[in-house]
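Throughout, protein chains are lettered first and strands after them, A, B, ... in sequence-line order, and every chain is numbered starting at 1.
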Number of protein chains: 2
Amino acid sequence: MDSSLVKLRSKLEIYKAMTDGGNLSDCPVRDVIQGLSGKWSSLLMAALAEQPYRFGELRRLVPDISQRMLTQTLYDLQRDGYVHREVFPTKPPSVEYSLTDLGRSMFGALQHLLQWAENNHDAVRDARAAFDAA
Amino acid sequence: MDSSLVKLRSKLEIYKAMTDGGNLSDCPVRDVIQGLSGKWSSLLMAALAEQPYRFGELRRLVPDISQRMLTQTLYDLQRDGYVHREVFPTKPPSVEYSLTDLGRSMFGALQHLLQWAENNHDAVRDARAAFDAA
DNA sequence: TAGTGCTGGTCTCTTTCTGAGACCACCATC
DNA sequence: GATGGTGGTCTCAGAAAGAGACCAGCACTA
């Protein structure tokens, strides 16, 4: 299942890319990852990957996000080019959020991690329980 | 490049897994992702994927992490079963951190995202610049 | 014509999380 | 005895996140 040699090569490159001598804090890889590491980013990406949603729909879909964080996370995702925001001039103006091509591309990569989490969450839970017991 | 039908199916499943009716905050997928979404988790995983390191080595390797956050992030990664911590009874006791099998497995999935970030950071940077200009 | 509700937000307040750096015990070496 | 390297912990200030009140605009209803 693992082509370890290929993976090892990538690991070294990725680590290098994340360390990127000199301006550590300006490292582009870390900069991109940072934008995705918010508490709600991946969840909203997963929702919007399914279909476009309006603000209120997202709010009802994810009841435990505060309105403030929903606004802000969508703003950040839009700023990074993953999400498109379109305002429709209906009587109460409605706003629709959808993934851009860049967003869909990014989600393709993020997906592997989400899938792994789904497949292995019991292993993590067990590890956590064993650790806390000791 | 995209096998869209397959991906669409996964998307729906992943979103479902992240929403997981009822106990939203106890959703296992979100629980796992949460542990990985810290500022330093992915960077330390990338470092340890290359080779095992000792505490002080990691500190020197990532100069802009505070000692406190290094301790805490390693503790969290260890608790979730990704990292193994071994104390050697040398004269000043030394501590070595390495990836577990679970950690290597997880990094295999995380890797896709890091690779994407490396390949596309200029697109994100451009999107950000365009957004800020408007 | 006033009340109610739906739209997508913003503002303020409180609590939690991070970051910077002082401090610590231990031992070896100088 | 002083100094440095080991892997941490503790305290305190600043940044970020969560809860929830509030807002303008228009439609529908009474």
What is the separation between atom [atom1] on [X] and atom [atom2] on [N], rounded to the nearest whole Å?
X       : N      : atom1 : atom2 : value
B/Glu96 : D/dG8  : CD    : P     : 13 Å
B/Gln34 : D/dA17 : CD    : C1'   : 11 Å
B/Phe88 : D/dG5  : CZ    : P     : 22 Å
B/Ile65 : D/dG7  : CD1   : C1'   : 14 Å
A/Gln72 : D/dA17 : CD    : C1'   : 8 Å
B/Lys91 : C/dC26 : NZ    : P     : 18 Å
B/Asp64 : C/dG19 : CG    : P     : 9 Å
B/Met69 : C/dT16 : CE    : P     : 16 Å

Would you say a side-chain N or O of B/Lys39 is under 4.0 Å from OP1 or OP2 of C/dG19?
-> yes
For D/dG18, does OP1 or OP2 lie under 4.0 Å from any side-chain N or O of A/Trp40?
->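 Yes, A/Trp40 has a side-chain N/O under 4.0 Å of OP1/OP2 on D/dG18.
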Nucleotide of D/dT6, C/dA28, D/dA19 approaching A/Ser66 most closely (side-chain heavy atoms) |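 Of all the options, the side chain of A/Ser66 is nearest to D/dA19.
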What N/O pairs connect the protein and nucleotides 9-15 of chain C at under 3.5 Å? Give each pair on its own line.
unit_1: C/dG9; atom_1: OP1; unit_2: A/Arg85; atom_2: NH2; d: 2.0
unit_1: C/dG9; atom_1: OP2; unit_2: A/Tyr97; atom_2: OH; d: 2.8
unit_1: C/dG9; atom_1: N7; unit_2: A/Gln67; atom_2: NE2; d: 2.3
unit_1: C/dG9; atom_1: O6; unit_2: A/Gln67; atom_2: OE1; d: 3.4

Mind grabbing the angle between the end helix axes of the helix from C/dT1-D/dA30 to C/dC30-D/dG1? Five pairs an end, 10° rounding.
-> 20°
If the threshold is 4.0 Å, N to carboxylate O, is there a salt bridge linking [X] and [Y]?
X        : Y        : result
B/Arg125 : B/Asp122 : no
B/Arg128 : A/Asp76  : no
A/Arg30  : B/Asp64  : yes

Parallel, tilted or perpendicular: ring planes of B/Tyr75 versus A/Phe131, cut at 30 and 60 degrees |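 Answer is perpendicular, since the angle exceeds 60°.
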Roughly how far, to the nearest 0.5 Å, is CZ of A/Phe88 from CZ of A/Arg54?
-> 9.0 Å
Rounded distance (nearest 0.5 Å) linking atom OH of A/Tyr82 with atom CG of A/Leu48 |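 Rounded to the nearest 0.5 Å, the OH-CG separation comes to 14.0 Å.
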Test salt bridge (charged side-chain N to carboxylate O under 4.0 Å, His left out) applied to A/Arg104 and A/Asp101, step by step | CA-CA 5 Å; A/Arg104 265 182 292 275; A/Asp101 287 343; 3.0 Å; yes
side-chain contact (heavy atoms from CB on, under 4.5 Å) between B/His84 and B/Leu99, intermediate numbers included | CA-CA 6 Å; B/His84 173 70; B/Leu99 288 196; over 6 Å; no
Run through B/Val29, B/Leu110, B/Val32 and flag the one making a side chain to side chain contact (heavy atoms under 4.5 Å, CB included) with A/Leu113.
->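 The residue from B/Val29, B/Leu110, B/Val32 that satisfies side chain to side chain contact (heavy atoms under 4.5 Å, CB included) with A/Leu113 turns out to be B/Leu110.
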